[in-house]
Amino acid sequence: MKCKNVVMIAFGALSTMVWCFSAHAEPAGSEKWNFQLAPYAWLAGQKGTVATLPGLPAADIDVDFYDDVLGNIKGAFMLVGEARKGRLGVLMDIVYTDIEMEDPTPLGILYSTLTSRTKSWMVSGAGFYRLVEGRDQFLDVIGGARYWSVDSELALKGPQFPSLREQSISNKEDWIDPIVGLKGFTPIGGSKFFVSGAFVIGGFGVGSDFMWDAMINLGYRWTKGFSTTIGYRYLDVDYEDDGFLYDVAQQGLTLGLSWRF
């Protein structure tokens with residue numbers, strides 16, 4: 001029911017977007033290649049459940065975006081690239097994160113802390129078709145695939161009894177999700193400010209059971225080809241296979257640069 005409700009809400013919102021853009025639509029007449037390169041930072045917290053091997057209890061992850069996300073990020077890399085000619089184009093979104101958290105363990109009489117570290121690659125490749133295009137505004141439909149690589153490690157540390165040693169286990173899983181969605185861009189009045197966003201769903205039991213990814217940005221165009229953005233992104237994925245569980249939501253601020261040429 002949760003997935004169904006998300007899809008219905010998203011469909012309603014995106015249908016409204018299509019109607020608004022169509023009201024000001026103009027033909028996409030440019031037949032030259034257009035490119036965009038956009039590195040960005042995603043200050044994302046994590047919340048969910050991760051398990052590595054059968055027989056071991058699942059661990060809850062709760063890295064709060066507002067309080068401790070910067071202290072728990074060990075590494076991160078994000079980049080979006082896009083190429084378009086006329087109404088057709090391709091895009092790629094690369095996200096790498098290395099997040100570690102440490103909390104008191106419920107097994108306090110045996111171990112004092114539980115450390116969870118998750119290294120993940122998320123690489124999305126998709127084609128898109130420009131549904132409508134007006135003056136400095138557009139709406140695209142997206143279809144493609146998202147590759148996941150998640151390396152999860154759980155460690156019990158600080159044994160209270162000398163006979164007990166530190167215990168750790170790790171596992172790596174790879175899978176591919178089909179994805180579909182929409183992305184759009186519109187200026188705010190006649191100013192240099194603009195709003196951009198995207199909504200993608202996928203998985204459908206092919207890879208993960210279900211995943212959805214939504215982002216919204218407020219940007220400012222300093223020149224015709226260069227802009228900066230601040231926004232918010234929420235990503236939720238539910239994957240389980242042979243005892244490996246990755247049911248995690250990531251959310252937080254995004255800060256980006258964009259070059260169009």
Side-chain angles (χ1 to χ4, degrees), residues 37-53 56-81 92-105 111-125 145-158 166-177 179 198 200 202-203 207-208 211-215 217 229-257:
L37 191 63
Y40 66 99
W42 184 18
L43 307 179
Q46 284 190 339
K47 187 171 184 179
T49 305
V50 174
T52 52
L53 293 176
L56 294 178
D60 291 329
I61 296 176
D62 192 358
V63 180
D64 189 271
F65 160 68
Y66 298 100
D67 294 334
D68 51 12
V69 64
L70 292 178
N72 288 275
I73 293 179
K74 302 303 179 183
F77 173 78
M78 295 91 177
L79 179 68
V80 172
M92 179 169 285
D93 182 11
I94 302 172
V95 177
Y96 169 76
T97 58
D98 181 357
I99 298 179
E100 182 179 69
M101 63 160 286
E102 185 175 282
D103 278 329
T105 173
Y111 297 94
S112 58
T113 60
L114 172 66
T115 299
S116 171
R117 186 168 186 174
T118 303
K119 302 176 184 179
S120 63
W121 282 96
M122 185 179 71
V123 181
S124 305
R146 175 169 292 178
Y147 167 75
W148 298 81
S149 177
V150 177
D151 189 350
S152 181
E153 180 179 354
L154 303 176
L156 291 166
K157 298 181 179 180
E166 178 179 312
Q167 301 292 321
S168 64
I169 193 72
S170 63
N171 192 28
K172 182 178 179 181
E173 289 286 326
D174 304 271
W175 70 93
I176 296 177
D177 286 333
I179 57 173
V200 173
S208 58
M211 61 78 54
W212 65 281
D213 187 357
M215 65 194 79
N217 299 299
T229 60
I230 181 170
Y232 199 81
R233 184 174 186 176
Y234 189 99
L235 168 67
D236 192 305
V237 58
D238 182 4
Y239 174 83
E240 186 172 4
D241 183 57
D242 293 333
F244 181 89
L245 174 65
Y246 188 72
D247 185 3
V248 173
Q250 295 178 240
Q251 59 177 318
L253 283 177
T254 59
L255 303 170
L257 306 173

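The basis for the numbers below is simple: all heavy atoms, side chains too, and nothing from hydrogens, waters or symmetry mates. Predicted model, so just to flag it, every value in this text is computed and none were measured. This chain uses plain numbering: 1 for the first residue, then up along the sequence.
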Q. Yes or no on side-chain contact (heavy atoms from CB on, under 4.5 Å) for L235 and M122, after CA distance, side-chain angles and deciding distance?
A. CA-CA 11 Å; L235 168 67; M122 185 179 71; 3.6 Å; yes

Q: Find the distance between CH2 (W121) and CG (D98) and round it off to the nearest 0.5 Å.
A: 11.0 Å

Q: With rounding to the nearest 0.5 Å, note down the distance linking CG in L255 to CH2 in W42.
A: 13.0 Å

**Q.** salt bridge (charged side-chain N to carboxylate O under 4.0 Å, His left out), paired with R146, selected from D174, D213, D177
**A.** D213

Q. Residues two or more places apart in sequence or in another chain: which of them pass ring-ring contact (aromatic ring centres under 6.0 Å, His included) with W148?
A. W175

Considering all heavy atoms of both residues, which atom of [X] and which atom of [Y] are nearest to each other, and what is their separation?
X	Y	answer
T49	V248	O-CG2, 4.1 Å
D236	A249	OD2-CB, 3.8 Å
S208	D238	CB-O, 3.3 Å
M211	G203	CG-N, 4.1 Å
N217	G231	OD1-CA, 3.5 Å

Q. Should D241 and E173 be marked as a side-chain contact (heavy atoms from CB on, under 4.5 Å) after you check the CA-CA gap, both sets of side-chain angles, and the distance that decides it?
A. CA-CA 9 Å; D241 183 57; E173 289 286 326; 4.1 Å; yes

Q | Audit row: T229, T254, side-chain contact (heavy atoms from CB on, under 4.5 Å) steps and yes/no | A | CA-CA 8 Å; T229 60; T254 59; 5.6 Å; no

**Q.** Set of residues satisfying salt bridge (Lys or Arg N to Asp or Glu O under 4.0 Å) with respect to D93, sequence neighbours excluded
**A.** R233

Q | Side-chain heavy atoms of Y96 within contact of K119, under 4.5 Å | A | yes

Q | side chain to side chain donor-acceptor pair (under 3.5 Å) against D151, all qualifying residues, sequence neighbours excluded | A | none

